[in-house]
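Have a look at the structure below, then the notes.
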Amino acid sequence: MKKLKERWREIVYRAVTAIAEKSGFETGELAPEKIITEVPPDMRMGEIAFPMFQFSRLLKSAPNVIAEECLSEIEKLSSKGELDLNELGLPTVKGPYLNIKLNRESVTAKTIDAVSSEGSEYGKSDILSGKRIMIEFSCPNTNKPLHLGHLRNDAIGFSVANLLVASGATVKRVNLINDRGIHICKSMAAYERFGKGSTPESEGIKGDHFVGKYYVMFNEWVSKDPEAEAIAREMLKKWENGDEKTIALWKKMNRWAIEGISRTYEKTGIGFDKIYYESETYKLGKDEVLKGLEGGIFYKEEDGSVWVDLTEEGLDRKVLLRSDGTSLYLTQDIGTAVQRYRDWPFDRLIYVVASEQNYHFKVLFLVLKKLGHQWAENLFHLSYGMVNLPEGKMKSREGKVVDADDLFEELKLLAREEIGSKEREGEIEDAEKTAEKIALGALNYYLLQVSPQKDMVFSPEESISFTGNTGPYLQYTGARISSMITKYRERESRYRGGQFKAELLGEEAEWEIIRRIASYPEIVEQAAENYNPSILAVYLYELCKAYSRYYHDFPVLHNDDINLVASRIKLASVLLIVLRNGMGILGIPFLEKM
RNA sequence: GGGCAAUUAGCUCAGCUGGAUAGAGCGUUGGCCUCCGGAGCCAGAGGUCGGGGGUUCGAAUCCCCCAUUGCCCA
């Protein structure tokens with residue numbers, strides 16, 4: 001379909017050029033790829049539309065006149081045998097638009113053939129082939145469990161990584177564990193005081209929640225006794241000086257936290273190719289800053305703190321090292337970036353981080369550029385909006401946070417109930433696992449249907465809804481079709497000899513599905529280019545919607561014509577491939593039964 | 001004080017590089033299971049695309065001003 005569109009652009013270009021020559025106008029910078037195409041509002045008008053307004057200035061003529069002229073030029077080319085309109089489709093004029101009606105039968109045959117032969121490869125492109133792209137996402141702290149914000153981050157990171165892979169890039173998924181700093185010491189201090197040697201095992205609590213409990217405890221403690229703050233700070237100093245006991249405690253608690261967080265990752269199905277730890281890169285960051293200081297890129301204040309002046313770049317001055325020589329987030333990020341480029345020279349590094357850090361990344365990228373790293377130009381902050389609750393912002397200090405594990409459990413429970421209410425339970429092999437997959441599908445779809453850049457409201461009731469525009473709707477469509485195909489195979493003898501014939505798929509509803517299937521590769525490209533999984537989410541929903549409508553109106557198996565059955569089954573199985581591929585990219589588990 | 005972003009139906013969101021009548025879901029009103037999975041399908045009501053200017057043959061989309069909200073920097 002993309003190829004056809006490009007061919008038509010060239011044809012229209014030729015036609016317009018011919019008209020221009022006749023009237024003695026220059027075509028100037030006109031080029032086939034610059035010609036604007038659209039999709040007509042009504043399927044009956046065709047599949048590709050060329051608005052002629054774009055040429056009216058060039059040809060000094062009214063768009064509807066140009067449309068007619070264009071058409072006759074194309075017909076001329078066709079009668080000369082230079083164009084095969086039977087293969088390319090039929091141009092028609094509607095007011096100021098030149099619309100192309102594709103040859104349905106030929107597009108149907110080609111599309112179905114392409115999808116069935118490419119299978120799980122269908123939709124992949126090479127627009128990023130040869131590119132090495134590193135993508136950082138998730139980035140948890142080791143003092144508390146993952147929350148809703150991380151889930152959005154993970155969903156975006158995971159799916160964007162998949163989109164890049166589908167576009168031919170070599171992708172390295174990396175995580176950065178924020179495992180050092182005053183906040184980490186807070187939970188350590190609280191544990192040392194209140195923990196009494198308990199462990200996640202002894203308490204029967206997941207490690208990250210266990211550690212998080214002490215972080216909360218610290219905040220309670222410090223509200224009663226301001227001394228706590230000093231104790232934590234003392235601990236940080238000890239940590240930086242390599243005090244053995246402190247390091248041992250730090251290691252122990254980090255292990256608990258990371259172990260717990262990893263279990264959450266297992267549930268949500270995400271993984272990384274490499275994990276970075278701030279505790280291992282912050283020193284490199286310091287070195288870089290000191291190098292910059294020597295090189296005169298940065299400067300020192302009287303109190304000994306190191307600064308960078310970005311006023312020329314339209315930003316502010318910014319601290320890089322505190323007066324006591326300790327590092328900041330920015331310092332650590334400098335070190336991490338440098339380390340990454342050493343480890344794996346990339347063509348692009350994408351940071352999936354919330355929009356509240358927009359300024360931070362602007363500064364980071366500028367500082368790295370100032371330090372002379374040419375690759376700094378290839379850094380990109382994929383900024384996503386905050387996740388708010390209907391009653392307002394999430395506030396971790398006030399306990400107004402949606403915990404990732406809790407949310408997941410809740411979703412799973414509801415999915416389990418839903419399964420139980422369907423009287424289909426007996427057919428499902430593992431109801432527990434299925435419930436988990438439905439929960440994950442609901443969650444990922446909910447988080448990904450919104451454009452990343454926008455803030456979103458997370459309504460618990462809506463996210464657990466399994467009807468309407470949701471992940472489970474996609475899964476449900478997939479399950480129904482799977483079940484139908486199974487039936488088809490079971491009754492194979494009845495349909496034996498049935499042949500797929502493109503011309504039998506002549507219903508409008510079928511054509512709508514086919515043109516959507518044909519445009520899937522373009523959708524994946526678009527989503528990848530914009531780092532925007534929501535484009536794909538919307539597409540999949542519309543695809544399923546179109547099929548559900550069709551499926552409701554037209555029998556697939558219940559037909560006397562076995563060729564018609566075979567053809568409609570073919571359509572269903574091709575759609576299933578697209579659905580599977582697309583859902584895979586978004587992290588929505590595909591289910592044969594649910 | 002400065003910067004960035006957002007504002008589309010009661011609620012949550014789509015609307016791609018400006019194009020033909022602004023779309024979904026939830027909710028609401030009303031239909032559809034002797035038939036391949038009703039987690040479904042269909043229809044109705046619901047809009048001054050925050051406000052005002054501008055560019056353009058054409059603006060929800062681009063530009064400017066204002067308002068509101070969120071985030072960040074100091």
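Quantities reported herein were computed from a predicted structural model and do not represent experimental measurements.
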Nucleotide forming a Watson-Crick or wobble pair with C49(B), both distances under 3.5 Å: none

Chi-angle category of C57(B) [syn within 90° of 0, anti beyond]: anti

Proximal nucleotide (of C41(B), C71(B), G37(B)) relative to the Glu356(A) side chain: C71(B)

Verdict with reasoning, Phe380(A) to Tyr531(A), per ring pair (Phe, Tyr, Trp, His ring centres under 6.0 Å): CA-CA 11 Å; Phe380(A) 182 83; Tyr531(A) 301 146; 5.0 Å; yes

Under 4.0 angstrom between Arg549(A) side-chain N/O and C42(B) OP1 or OP2: yes

Separation of C4(B) C1' from Glu313(A) CD (nearest whole Å): 17 Å

Any Lys487(A) side-chain nitrogen or oxygen under 4.0 Å from OP1 or OP2 of C36(B): no

Face-to-face contact Phe53(A) to G19(B) six-ring, under 5.5 Å, under 30°: yes

Integer-rounded Å distance: C71(B) C1' and His360(A) NE2: 15 Å

Heavy-atom side-chain contact between Tyr446(A) and Ser459(A) under 4.5 Å: yes

Touch class at under 4.0 angstrom, heavy-atom based, for Met594(A) against every strand present: base

Nearest-nucleotide pick for Lys422(A), side chain only, options being C32(B), G19(B), A39(B): A39(B)

Whole-Å P distance, C65(B) and A22(B): 30 Å

N-O pairing of Arg516(A) and Glu47(A) below 4.0 Å: no

Short side-chain N/O contact from Tyr359(A) to OP1 or OP2 of C72(B), under 4.0 Å: no

Side-chain N or O of Ser451(A) closer than 4.0 Å to phosphate OP1/OP2 of A14(B): yes

Residue Tyr446(A), side-chain atoms from C-beta onward, closest of C32(B), A39(B), U12(B): U12(B)

Salt bridge flag under 4.0 Å for residues Lys412(A) and Glu432(A): yes

Given G70(B), G25(B), A20(B), the nucleotide with the shortest approach to the side chain of Ala49(A): A20(B)

Residues Glu427(A), Arg424(A): salt bridge by 4.0 Å N-O rule: yes

Complementary nucleotide for A43(B) - Watson-Crick or wobble, under 3.5 Å: U29(B)

Residue mapping more 5' on RNA chain B - nearest nucleotide basis, Met386(A) or Asn358(A): Asn358(A)

Salt-bridge contact Lys370(A)-Glu313(A) (side-chain N to carboxylate O under 4.0 Å): yes

Gap between atoms CG and P, on Asn469(A) and G15(B) respectively (whole Å): 13 Å

Gln357(A) CD to C73(B) C1', straight-line distance once rounded to whole Å: 13 Å

Verify stack between Tyr476(A) ring and G40(B) base, 5.5 Å, 30 degrees: no

Distance below 4.0 Å between Lys545(A) side-chain N/O and C42(B) OP1 or OP2: yes

Nucleotide opposite A60(B) in a Watson-Crick or G-U pair, distances under 3.5 Å: none

Base paired to U68(B) (Watson-Crick or G-U; both N/O distances under 3.5 angstrom): A6(B)

Short side-chain N/O contact to C72(B) OP1/OP2 from Lys362(A), under 4.0 Å: no

Touch class at under 4.0 angstrom, heavy-atom based, for Phe554(A) against every strand present: base

Any N/O donor-acceptor pair, Asn532(A) side-chain to A14(B) base, under 3.5 Å: no

Modelled atom types, side-chain donor and acceptor of Ser383(A) and Asn358(A), under 3.5 Å: yes

Of the listed nucleotides C41(B), A39(B), A20(B), the one nearest the side chain of Pro472(A): A39(B)

Val457(A) side chain, from C-beta outward: closest of C13(B), C36(B), A74(B): C13(B)

C26(B) phosphate, OP1 or OP2, under 4.0 Å from Ser465(A) side-chain N/O: no

Touch class at under 4.0 angstrom, heavy-atom based, for Thr470(A) against every strand present: nothing

N or O in side chain of Arg57(A) less than 4.0 angstrom from C57(B) OP1/OP2: yes

Salt bridge flag under 4.0 Å for residues Asp42(A) and Arg44(A): yes

N/O (side chain, Tyr551(A)) to phosphate O (OP1/OP2, G38(B)) under 4.0 Å: no

Pairing nucleotide - A24(B), Watson-Crick or G-U, each distance under 3.5 Å: U12(B)

Distance in angstrom units between Asp455(A) CG and U69(B) P, rounded: 15 Å

Minimum-distance nucleotide (side-chain atoms of Tyr97(A) versus G19(B), A24(B), A14(B)): G19(B)

Lys454(A) side chain near U12(B) phosphate (N/O to OP1/OP2, under 4.0 Å): no

Phosphate OP1/OP2 of A39(B) contacted by Gln475(A) side-chain N/O (<4.0 Å): no

